[in-house]
Amino acid sequence: MNISKPKGTKDIFFDEINVWQYVEENIIKVCKEFNIGEIRTPVFESTALFKRSVGDSTDIVNKEMYTFEDKGFRSITLRPELTAGVVRAYIENGMSSLPSPLKFWYRGNMYRYERMQKGRYREFSQFGVEIIGSDSNLADIESISVAYALFKRIGLSSHIVISLNSIGCTKCRNIFIQALKEYIKPNLNKMCDTCKVRFEKNPMRMIDCKEKGCKDILAKAPVITDYLCEDCRVDFQGVQNMLKALDIPFVLDNTIVRGLDYYNKTVYEITSKDLGLSVGGGGRYDGLVSILGGVQTPAVGFAIGMDRVVILLQQLGLDKQISKKVDLYFAIIDKDAEVISRKITSKLREMGYVVDIDIQRRSFKAQLKYADKIKARYVCIIGKNEIKNNTCIIKNMEDGKQLEVKLEIDEIINRLL
RNA sequence: GUGGGUAUAGUUCAGUUGGUUAGAACGCCAGUUUGUGGCACUGGAGGUCGUGGGUUCGAAUCCCACUAUCUACCCCA
């Protein structure tokens, strides 16, 4: 083998794929319960879509996109996130004329050209929900509820923290930015280089700078929540009250500003204490639909990093509980049993049992050994004697006890517990 | 983009001051008498020593570059 997978990608199989499927199955269940429909959009989109939506000054657009020119000289980008694609689809398919609000969920691979690290890949998978058309904070609540319901369903709700903040509307945010800049200005030369650039281009992003010097200066900086206009303040307070009433735990964190430009009002990040990593985030993006050429439409959404959720499940040992088992393995010791055992096998499979069968004509001993290795709960043995008597032997692999029964579906099923 | 570590069998790793045919454990396959798994014993398969250069009579071992990987930044999911 001299060809290996591209940097930042991975192969998923065996135990790990079980964990992925476990999460995906629960996503489908939860979304169905919330009456959220799935949407699938292209893996690649026009580069302009992300430049306009995610924002020119963001790291994603500046240095992380997989962008290339196709044979028709179009600039194409592998999606680094999916909100932009969903909103594009919303506009392009005239969904504004559909009953509002619309709720979509998605699951797919995203691509960002980044240096690899724990839980960070160049091809990674996100699950997300977008609610388009409601300007009420009940929509914010709904989206947070979905995220929380999923974590609860997969047994992680006590391992995550929802950090909440409001970054206001355009009006009050601009007043805040003025105040922030005035405070920073005298100390600007002490700040890091990226902050100096952000001071001009995207002052909000200075707030979550991790640089020590910047942190010290920002510790006493004005706080966005003090500058919210009456509307935004009431809206944000309403979100908090509602979450409390619904017993969805959260903490307030005014350093959360999100790395994408399209957010406003309530934003949040979901982090794992065990991993020390963000596993998801979201918020309101009332301006995005109009930025992309649609009529002004309010919207909220979030995305969860599936890779990190899977890592979290594995790290907590929850993955072992969801490993899949084989109900019944057919050990065939006689050629005359090959057809009949296969007929029974397919009937059992149609009934939903997980059934495996020898496909190698190996020795009986080897077949039992194999059944043991794939963790078969029972083995059905059919050899010369059994064929002659029209019977089979059902062996319980846990206690080793076995019983001869008639070679009939019902008889076999009765032995499987 | 920046800093540090690592790279030998499917996996986890040994490999002496550079010296014949590169090892172990686990895993895999098979056998230990004819139809019974886990335990034990025996045997077998499996390695361009990450890639390419260089030093040397001789390189898994020393030097350089590249690549991959892990980790901390940056940022995020």
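Just so we're on the same page: letters track the sequence lines, and every chain starts at 1.
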Got a sec, which residues hit salt bridge (charged side-chain N to carboxylate O under 4.0 Å, His left out) with [X], two or more places apart in sequence or on another chain?
X	answer
A:E64	none
A:K51	none
A:E408	none

Tabulate below the donor-acceptor pairs under 3.5 Å that side-chain atoms of residues 336-351 of chain A make, not counting sequence neighbours, or state none.
unit_1	atom_1	unit_2	atom_2	d
A:E338	OE1	A:R361	NH2	3.0
A:E338	OE2	A:R361	NE	2.7
A:S341	OG	A:A337	O	2.6
A:S341	OG	A:E338	O	3.1
A:R342	NE	A:E338	O	3.2
A:R342	NH2	A:D358	O	3.3
A:T345	OG1	A:S341	O	2.6
A:S346	OG	A:R342	O	3.2
A:S346	OG	A:K343	O	3.0
A:R349	NE	A:V355	O	3.1
A:R349	NH2	A:V355	O	2.9

Can you give each donor-acceptor pair under 3.5 Å made by side-chain atoms of residues 385-393 of chain A, sequence neighbours left out, with the distance rounded to 0.1 Å?
unit_1	atom_1	unit_2	atom_2	d
A:E386	OE1	A:G383	N	2.9
A:N389	ND2	A:N385	O	3.2
A:T391	OG1	A:E404	OE2	2.6

- Does any pair with a residue in residues 182-219 of chain A pass ring pair (Phe, Tyr, Trp, His ring centres under 6.0 Å), and if so which ones, sequence neighbours excluded? none
- Task: For each nucleotide in nucleotides 69-74 of chain B, reading 5' to 3', give B when a protein heavy atom comes within less than 4.0 Å of its base, S when such contact involves only the sugar-phosphate, and - otherwise.
- Result: SSBBBB
- Can you give the dot-bracket line for RNA chain B, where a pair is Watson-Crick or G-U wobble with both atom distances under 3.5 Å, crossing pairs use [ ], and | marks a partner on another strand? (((((((..((((.....[...)))).(((((.......))))).....(((((..]....))))))))))))....
- Task: With sequence neighbours left out, write down each residue that passes side-chain hydrogen bond (donor to acceptor under 3.5 Å, both in side chains) with A:E411, or none if nothing qualifies.
- Result: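 Not a single residue meets the side-chain hydrogen bond (donor to acceptor under 3.5 Å, both in side chains) criterion with A:E411.
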Identify every side-chain donor-acceptor pair in residues 31-40 of chain A under 3.5 Å, counting partners at least two apart or on other chains, and give the distances.
unit_1	atom_1	unit_2	atom_2	d
A:E33	OE1	A:R153	NH2	2.6
A:E33	OE2	A:R153	NH1	3.3
A:E38	OE1	A:R40	NH2	3.3
A:E38	OE2	A:R40	NE	2.6
A:E38	OE2	A:R40	NH2	3.2

What pairs of nitrogen or oxygen atoms, one from the protein and one from nucleotides 27-31 of chain B, lie under 3.5 Å apart?
unit_1	atom_1	unit_2	atom_2	d
B:rC29	OP2	A:K373	NZ	3.3

- Query: Who passes ring-ring contact (aromatic ring centres under 6.0 Å, His included) against A:Y285, sequence neighbours left out?
  - Reply: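 So A:Y285 forms a ring-ring contact (aromatic ring centres under 6.0 Å, His included) with A:Y262.
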